[in-house]
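Everything below concerns the one structure shown next.
Numbers restart at 1 for each chain; the letters A, B, ... are given by sequence-line order, proteins then strands.
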There are 2 protein chains.
Amino acid sequence: MKLSKRGEYGLRAMADLAAQTPLGGVVPLKDIAQREQIPAKFLEQILLALKNAGLLGSKMGIGGGYHLARPADQITLGQIVRVLDGPLAPIRCVSKMAYEPCACPDEATCGLRLVMLDVRNAIADILDGTTLADVAHRVEVARIERR
Amino acid sequence: MKLSKRGEYGLRAMADLAAQTPLGGVVPLKDIAQREQIPAKFLEQILLALKNAGLLGSKMGIGGGYHLARPADQITLGQIVRVLDGPLAPIRCVSKMAYEPCACPDEATCGLRLVMLDVRNAIADILDGTTLADVAHRVEVARIERR
DNA sequence: ATAAAGTCTACTGAAGTTATAAAGTTTTGA
DNA sequence: TCAAAACTTTATAACTTCAGTAGACTTTAT
């Protein structure tokens, strides 16, 4: 039931990009790494994976950097986590995106499977229902409420 | 976001015990391993951990075996998973049972944390709200419905 | 040209997962 | 008694994943 560092760093970096990217601009990896306290070389691999998955765009050379491939309200946390950590489901036989049969003789009446399906749906509802824009909004609300 | 084999086998074994234990009786490990297709030596480690955590009792000698330490409606899946796989929370800074601070400068306004707290609560609601008796009941319902 | 920035591949040490093996202890039926 | 059945404990090993490093290469603004 754990999110890997890879997944955590990726989510933080994407949220950072959503908040910090100037209009039509680009953010260098080093800036993200510094702000979010992520080892730069590790972040490289992570952003590369997100780029290959079509969630990020990049610009090479001086003044280059990364930017979201789509507006922040069209990128969900579920998409990001699936790229970096694989399926959301706790066991493969309840995964929608990466189903695999399990050992039990009859899936339809497997008690464990029924419960884990509930768990996977609960997780997916939250992660697929939350966009980077939603995250930014919640941070704003939390900041105001604390005053 | 994954349940280990250890956790999966443990849950299956506990559900098996809830369904198969005769009143006041005991089930030998070998029977569970055979029915649930679990390597016996691996299952030994798992049941031992559950016993040390106070979820199982055992009886030695000929005719010995394992039994639930409490009635099936007083053992939740959350208790079992925590023993075998650790905290339910996707990241430690939202764990109730094993909290640890994360790197972010201010937890109260960390967007990732707010979302992951929702996820951990969703998982915990299901797993802590489902007992072995509930699982057995759902299996019954599924069997009847399929006809 | 050159320095800043991203791209890509490969590697590594540590930890965790999934077992298997061996030896030891307790209980109990015959 | 005594030996089989069952649980207990420790050790080990193959395999995979995780987290991070290293280094060579490409692109681009100036």
Side-chain angles (χ1 to χ4, degrees), chain A residues 1-13 17 21 25-34 36-69 81 83-87 90-92 102-103, chain B residues 1-13 17 21 25-34 36-69 81 83-87 90-92 102-103:
Chain A
M1 304 303 197
K2 225 181 88 223
L3 185 70
S4 70
K5 283 290 176 194
R6 199 174 141 85
E8 180 186 332
Y9 290 162
L11 287 170
R12 284 195 199 285
L17 275 167
T21 310
V26 109
V27 179
L29 183 145
K30 208 183 352 177
D31 290 9
I32 305 173
Q34 201 157 44
E36 305 291 336
Q37 303 281 11
I38 303 171
K41 281 297 191 176
F42 194 18
L43 186 56
E44 230 176 70
Q45 289 179 14
I46 295 168
L47 296 193
L48 190 57
L50 291 169
K51 193 202 155 182
N52 290 336
L55 262 30
L56 285 181
S58 66
K59 183 168 176 275
M60 277 195 169
I62 292 181
Y66 289 92
H67 63 92
L68 300 182
V81 172
V83 168
L84 298 174
D85 271 31
I91 50 180
R92 297 295 285 268
C102 62
Chain B
M1 302 307 199
K2 224 179 92 225
L3 187 70
S4 71
K5 282 288 175 196
R6 199 172 139 86
E8 180 186 331
Y9 289 161
L11 287 169
R12 285 195 198 285
L17 274 166
T21 311
V26 109
V27 179
L29 182 144
K30 209 181 356 176
D31 290 9
I32 305 174
Q34 201 156 46
E36 305 292 335
Q37 304 279 9
I38 302 172
K41 284 293 189 177
F42 193 20
L43 186 56
E44 251 178 41
Q45 292 177 16
I46 295 167
L47 295 194
L48 186 58
L50 291 169
K51 194 196 156 189
N52 290 337
L55 262 30
L56 286 180
S58 66
K59 183 170 176 272
M60 276 193 169
I62 294 179
Y66 288 92
H67 63 91
L68 300 181
V81 171
V83 168
L84 299 173
D85 270 31
I91 50 181
R92 297 296 284 269
C102 62

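Considering all non-hydrogen atoms of both residues, B:Lys51 and B:Leu56 come closest at CG-O, 3.4 Å. Residues A:Arg12 and B:Cys102 approach most closely at NH2-SG, 3.8 Å, considering heavy atoms. The two atoms that bring B:Leu84 and B:Gly10 nearest to each other are CD1-CA, 3.6 Å, heavy atoms only. Considering every non-hydrogen atom in both B:Ala53 and B:Val83, the closest pair reads CB-CG2, 3.5 Å.
D:dA19 atom C1' lies 14 Å from atom CG of A:Leu3, rounded to whole Å. In this structure, B:Leu56 atom CG and D:dA6 atom P are separated by 17 Å, rounded to whole Å. Separating the CD1 atom of A:Ile38 from the C1' atom of D:dC18 is a distance of 15 Å, rounded to the nearest angstrom. Remark: P of D:dT9 and CD1 of B:Ile46 are 16 Å apart, rounded to the nearest angstrom. Per the geometry, NE2 belonging to B:His67 stands 11 Å off P belonging to D:dC7, to the nearest Å. Between B:Asp31 atom CG and D:dA5 atom C1' the separation is 12 Å, expressed in whole Å. Per the geometry, CZ belonging to B:Phe42 stands 17 Å off P belonging to D:dA14, to the nearest Å. One can place NZ of B:Lys2 at 13 Å from C1' of D:dC18, the figure rounded to the nearest angstrom.
As judged by a 4.0 angstrom heavy-atom cut-off over every strand, A:Leu29 is placed among residues touching the sugar-phosphate backbone only. A:Lys41 comes within 4.0 angstrom of a base, heavy atoms only. Within 4.0 Å (heavy atoms only), B:Gly61 reaches at least one base atom of the nucleic acid.
One cannot find a donor-acceptor pair under 3.5 Å joining the base of D:dT8 and the side-chain atoms of B:Gln45.
Between B:Lys30 and A:Ser4, the residue anchored closer to the 5' end of DNA chain D is B:Lys30, taking for each the nucleotide with the nearest heavy atom. Map A:Ile62 and A:Ser58 each onto its nearest nucleotide of DNA chain C; the residue landing nearer the 5' end is A:Ile62. Taking for each of B:Glu44 and A:Lys59 the nucleotide of DNA chain C with the nearest heavy atom, the 5'-most of the two is the partner of A:Lys59.
In this structure, A:Pro39 and A:Lys5 have side chains that are not in contact, with every pair of non-hydrogen atoms separated by 4.5 Å or more. Within the 4.5 Å cutoff, the side chain of B:Leu68 has no heavy atoms near those of the B:Leu55 side chain.
With a cutoff of under 4.0 Å to any heavy atom of chain A, the contacted region of DNA chain C is bounded 5' to 3' by C:dA3 to C:dA10.
Put simply, the side chain of A:Asp85 never gets that close to the backbone of A:Leu3: no donor and acceptor are under 3.5 Å apart.
When the side-chain nitrogen and oxygen atoms of B:Tyr66 are compared with OP1 and OP2 of D:dT8, one or more of them lie within a distance under 4.0 Å.
When both pairing distances are held under 3.5 Å, D:dA19 makes a Watson-Crick or G-U pair with C:dT12.
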